[in-house]
Amino acid sequence: MNDINLNEIEIKWQKYWQENNCHDINLSFPKNKFYNLSMFSYPSGDKLHIGHWFNYGPADTFARFKKMQGYKVFQPQGFDAFGLPAENYAIKHGVHPAVSTKANVKKMKEQLLRIGAMYDWKNEVNTSSPDYYKWTQWLFLKLHEMGLAYQKVSPVNWCPSCATVLANEQVKEGTCDRCHSEVTKRSLKQWFFKITEYADELLSELDKLNWPAKTIHMQRNWIGKSVGAKIIFDIHGFDETIEVFTTRSDTIYGATYMVLAPEHELVDIIVTDDYKGDIRKYKLSTKKMSEIDRSSADREKTGTFTGAYAVNPFTNEKVQIWISDYVLASYGTGAIMAVPSGDERDFQFAQKYNLPIIEVVSPDGKPHGADQCFSDYGISLNSGEYSGQPSQEVITSINMELERREIGGAKVQFKLHDWLISRQRYWGAPIPVIHCDDCGAVPVSFDDLPILLPEDIKLSETYGEDLSPLATNDEFINAPCPKCGKPAQRDADTMDTFVCSSWYYLRYPNAGYEGGPFDNNKMDWLPVDQYIGGAEHATMHLLYARFVTKVLRDAGYLSFGEPFTNLFHQGTITRDGAKMSKSKGNTVSPDEYVDKHGADIFRTYLMFMGPYEDGGDWTDTGIVGIERFYYKGLKLIRKQVDGELNQKDQYIIHYTIKSVTHDLENKKFNTAISRLMEYANHFISYETISQEVKNTFVLLLAPFMPHIAEEMWQIIGNEPSVFNTDWPVHVEAMIKVSTCKIALQVNGKLRGTIEVDAGISNDDLLTESRNIDNIKKYLDGKTIVKEIVVPKRLVNFVVR
RNA sequence: GCCGAGGUGGUGAAAUUGGUAGACACAAGGGACUUAAAAUCCCUCGGAAUUUUAUUCCAUGCGAGUUCGAUUCUCGCCCUCGGUACCA
């Protein structure tokens, strides 16, 4: 039986596909195009693991299905080759990152080839290649030209272990997304991309996307739009003012004190002599606290009075100004008006420090006492002329009043921050900027790109000294100012790798193009029709890519604003319940399975394990089931051709076509494979079968087991390639059944079944049902209250 | 804490979204073939009871509800997994 060596036919058909250019498409003609993209891989020294296969195998099955349906499928592959883990790997092994990355890419590509996917390797992309990062630098210059790239000094996230700053998106629960070390704050001058400029569009266009709901939800929360008002408070005895953001300007009559973040710039200006010591102590203790501790919401609130007072512009009362770490410097203005009667946090704080509490909103507008907090909308009270009005109306009125008095007005606030893209690391695209004493930060000319990453660099010695490795290379760092020609210095930082991956999908259709980052003639291949990859990128890569697409659209390069029309997240394959990772040493290599069972069996097993979006815990116990199914299929297609198709056979054929097509369309690979097993189980008992049974089986199997299907296609007497054959279409009339099995219930309990003519009338069905012995038994001596008939399904007698 | 998703046999899972719960597989047990093993094939396989080729009861995390009928809808609990972390 096992006379076919799967590893041999893998090579055989891969060679055939390559020699016959089976996976090449004419990218100049996007008619009927289908751009099927999987997230590219990251060669950090890990080999290809099961997770990669779980992404790429099923994605290729989907691609092949689309191809057979007549689409021109473009499925590229490449490497996200710059980045910190690759650099760390190189340091650990004492090699240059360029060398180790090249070796790792080579190894990974060999492993990728074994999948036998329809990749268009002619358009391979490698983000660490100068041909590519030249255009990453071009992207930076474009953003700079548009005023969307800027430098500023600000407190930024610093990962001591990675020795670099991180963007907000790369900090998870106060720790580094990569190495999970605790992140600290540092004040540094860094480059930012103005993603906040696109916050509104990034939010509103989410509705147009066919994306997983949870991903849209996560992006929505991450962007964090709040509609409210800005209010300016005068400080008693100073020229300075405090600006706050609030979503509840209607509660201003209850603003009985103010709180500044300890880092707020006004703190040192307004603090009175008596309180200087306390304030200094408090600021110091805040600074010492880790981000994790500080952000824990259930911690008891602490704070210190500054000695200064502000004036509530509506009550004209003097209110104390405090500082507390429950006010975050990074959100809004870093200052709040505190309304203890309407905000749980302010309430706790006011109680602890005996600050006044005035009730300003209640459900019915009547006083209920200031010993509790009510944070919902309701009716105002103790609010001057606004008392008695509903909260929403008061908000509108107060905002108008703020505007009239020029002390604020309606404002929208976002949680989203600008994207910090500088990295104090070596293995990335150099930032194409030269710093001149006279001219400041001057972007290099487009003509001078790429700014090559120098090879001669001492790596491990430079970390932890605030020094980017590139700063140690004099030859690289010294350059004349592009503006005035005086000696100046290059920016020593490199770009976040998420900049590299924010536009790679644009490069694929024209990977070798030298006239620009992408050839406008090829951009009709975009947007990506189907993107498949992990959910962990929800608020990083997937957000950045949307932003960059919108920027390039506004720059006139693209005619669309969303890069990924359809997105799907495959689930995570875990091992004993834990995520697989190299550090935990619980990764599973696909290689041994591919050697032993063959690529097709292995990938089909991955798809059979369960729903694609669920992933699951890894176990190889079921793989023999797929192997047996393959043997059964082989036996089936080797049967003598003859055999007539009876009605039942026709039904099976067309029902299977219909369900497999439907399931593939929805990426329900597991149930599609089950249907194929049923198909094989039905026909395996026949002595002889018709050619149609064989052809249909192989065609439906092809997206799952591409090499095997090609071999089978040939065995049953067809010309390769099976993928040039049209996907079968079911005939609805063949699925029409002449009889059906009806469930018989009495009071909702199953009491039997009968086989009846499909066209039977309800009356006849009821009559027949009543004559079934076991039904009679339950109806005898009872009154039938109701008779329910669900056509072709069931009959239910309700008796009393 | 808040926001999502989920909880079905020994295991992975199905169930046309309110209509015969457990398809398809794995594991297990029994049998055939074999000197033997592997492979293959056949049978059994949620639990319990009985008059055991059948019938009845129980069963989709737990408890209520709506309904002729609930894995599916509603409410309240209990777990598991993701996301988020005082966002004013």
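Hydrogens, waters and symmetry mates are skipped; everything else that's a heavy atom, side chains included, is used. We name chains A, B, ... by the order of the sequence lines, and we start the count at 1 in each one.
- A:T753 comes within contact range of at least one nucleobase, with a heavy-atom separation under 4.0 Å.
- Of all nucleotides listed (B:C24, B:C41, B:C3), B:C24 comes nearest to the side chain of A:S674.
- One interatomic measurement links the two molecules: NZ of A:K214 to P of B:G83, which rounds to 9 Å at whole-angstrom precision.
- For A:T539, the side-chain atoms get nearest to B:U84 when compared with the rest of B:C86, B:U84, B:C24.
- When distances run from any side-chain atom of A:R345 to the nucleotides B:A27, B:A23, B:A88, the shortest one goes to B:A88.
- No side-chain N or O of A:N771 forms a donor-acceptor pair with one of A:K776 less than 3.5 Å apart.
- For A:T671, counting side-chain heavy atoms from C-beta on, the closest listed nucleotide (B:C87, B:G12, B:A14) is B:A14.
- No option in A:Y331, A:F347, A:F349 other than A:F349 meets the ring pair (Phe, Tyr, Trp, His ring centres under 6.0 Å) test with A:Y326.
- Side-chain nitrogen and oxygen atoms of A:K172 include at least one within less than 4.0 Å of the OP1 or OP2 phosphate oxygen of B:U84.
- B:U35 takes the anti form, because its glycosidic angle lies more than 90° either side of 0.
- B:A27 and B:A15 have their P atoms separated by 23 Å, with the value rounded to a whole Å.
- Side-chain N/O atoms of A:T619 include none lying less than 4.0 angstrom from OP1 or OP2 on B:G12.
- A:N774 comes within 4.0 angstrom of the backbone, heavy atoms only, and of no base.
- Dense packing is recorded around NZ of A:K352, with more than 12 heavy atoms of other residues, nucleotides or ligands lying under 6.0 Å away.
- Residue A:D325 is in base contact, counting any heavy-atom pair closer than 4.0 Å across all strands shown.
- If you check every strand for non-hydrogen atoms under 4.0 Å, A:V339 touches nothing.
- In B:U52 the O4'-C1'-N dihedral to the base is within 90° of 0, which defines a syn nucleotide.
- Across the protein-nucleic acid pair, A:M607 atom CE and B:C24 atom C1' stand 16 Å apart, rounded to whole Å.
- A:Y253 and A:F314 have perpendicular rings, their planes meeting at more than 60° on a 0 to 90° scale where under 30° would count as parallel.
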Please set out all donor-acceptor pairs under 3.5 angstrom arising from side-chain atoms of residues 601-612 of chain A, sequence neighbours excluded.
from: A:R603; atom 1: NH1; to: A:G57; atom 2: O; distance (Å): 3.3
from: A:R603; atom 1: NH1; to: A:D60; atom 2: OD2; distance (Å): 3.3
from: A:R603; atom 1: NH1; to: A:T61; atom 2: OG1; distance (Å): 2.8
from: A:R603; atom 1: NH1; to: A:P703; atom 2: O; distance (Å): 3.2
from: A:R603; atom 1: NH2; to: A:D60; atom 2: OD2; distance (Å): 2.6
from: A:T604; atom 1: OG1; to: A:D600; atom 2: O; distance (Å): 2.7
from: A:T604; atom 1: OG1; to: A:F704; atom 2: O; distance (Å): 3.3
from: A:Y605; atom 1: OH; to: A:T619; atom 2: O; distance (Å): 2.6
from: A:Y612; atom 1: OH; to: A:F54; atom 2: O; distance (Å): 2.8
from: A:Y612; atom 1: OH; to: A:N55; atom 2: O; distance (Å): 3.1

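- Taking atom CZ on A:F245 and atom C1' on B:A88, their separation rounds to 8 Å, with Å as the unit.
- Across all strands, A:N796 comes closer than 4.0 Å to base atoms (heavy-atom distances).
- Checked against a 6.0 Å centroid threshold, the rings of A:W322 and A:Y353 count as neighbours.
- Classified by its glycosidic torsion, B:G9 falls in the syn category, the angle being within 90° of 0.
- Considering only the side chain of A:N670, B:A13 comes nearest among B:C24, B:C87, B:A13.
- Here CZ of A:R751 is found 10.5 Å from CG of A:L779. Values are rounded to the nearest 0.5 Å.
- The residue A:R628 sits close only to the backbone: its heavy atoms come under 4.0 Å of sugar-phosphate atoms, none of a base.
- Separating the CG atom of A:N747 from the P atom of B:C57 is a distance of 11 Å, rounded to the nearest angstrom.
- The nearest heavy atom of RNA chain B to A:I626 and to A:R248 marks one nucleotide each, and the one closer to the 5' end goes with A:I626.
- If you check B:C26, B:U55, B:U84 against the side chain of A:K777, the one that comes closest is B:U55.
- Rounded to whole Å, the distance from CD on A:E613 to C1' on B:C81 is 15 Å.
- In this structure, A:I216 atom CD1 and B:G83 atom P are separated by 18 Å, rounded to whole Å.
- Among the heavy atoms of the strands lying under 4.0 Å from A:K668 are primed sugar atoms or P, OP1, OP2 only; no base atom is included.
- Closest approach to the A:L750 side chain among B:U84, B:U20, B:G4 is made by B:U20 (side chain taken as heavy atoms from C-beta onward).
- B:G46 and B:C24 are spaced 13 Å apart, taking the P atom of each and rounding to whole Å.
- Taking atom C1' on both B:C45 and B:C26, the two are 13 Å apart, rounded to the nearest angstrom.
- Using a 4.0 Å heavy-atom criterion, one finds that A:N681 contacts the sugar-phosphate atoms exclusively.
- Nucleic acid contact for A:F608: base, since at least one base atom lies under 4.0 Å from a heavy atom of the residue.
- In this structure, the nucleotide among B:A88, B:C87, B:C68 sitting nearest to the side chain of A:S226 is B:A88.
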Review point. With Watson-Crick and G-U wobble geometry limited to distances under 3.5 Å, how should the secondary structure of RNA chain B be encoded in dot-bracket form, using | for bases paired to another strand and [ ] for crossing pairs?
Key: (((((((..(((......[....))).(((((.......))))).(((((...)))))..(((((..]....))))))))))))....

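- Residue-level contact check: A:R751 touches the backbone only, with heavy atoms under 4.0 Å from sugar-phosphate atoms and none from bases.
- A donor atom on one side chain and an acceptor atom on the other are found under 3.5 Å apart for A:K632 and A:N681.
- The side chain of A:E678 sits closest to B:A23 out of B:A23, B:U84, B:A14.
- Contacts of A:K749 with the nucleic acid, taken as non-hydrogen atoms under 4.0 Å apart, involve only primed sugar atoms and P, OP1 or OP2.
- Picking from B:A13, B:C68, B:C58 the nucleotide with the shortest atom distance to the side chain of A:I788 gives B:C68.
- Using modelled atom types and a 3.5 Å distance limit, the side chains of A:T739 and A:D757 yield no donor-acceptor pair.
- In this structure, A:Q745 reaches the bases: a heavy-atom distance under 4.0 Å links it to at least one base atom across the strands shown.
- Among the protein residues, A:Y778 comes within range of the sugar-phosphate backbone only, with heavy atoms under 4.0 Å from sugar or phosphate atoms but none that close to a base.
- Here salt bridge (Lys or Arg N to Asp or Glu O under 4.0 Å) pairs that include residues 617-630 of chain A, with residues two or more places apart or in two chains, number zero.
- No side-chain donor-acceptor contact under 3.5 Å links A:H730 and A:T661.
- For B:C68, the OP1/OP2 oxygens have a side-chain nitrogen or oxygen of A:K786 closer than 4.0 Å.
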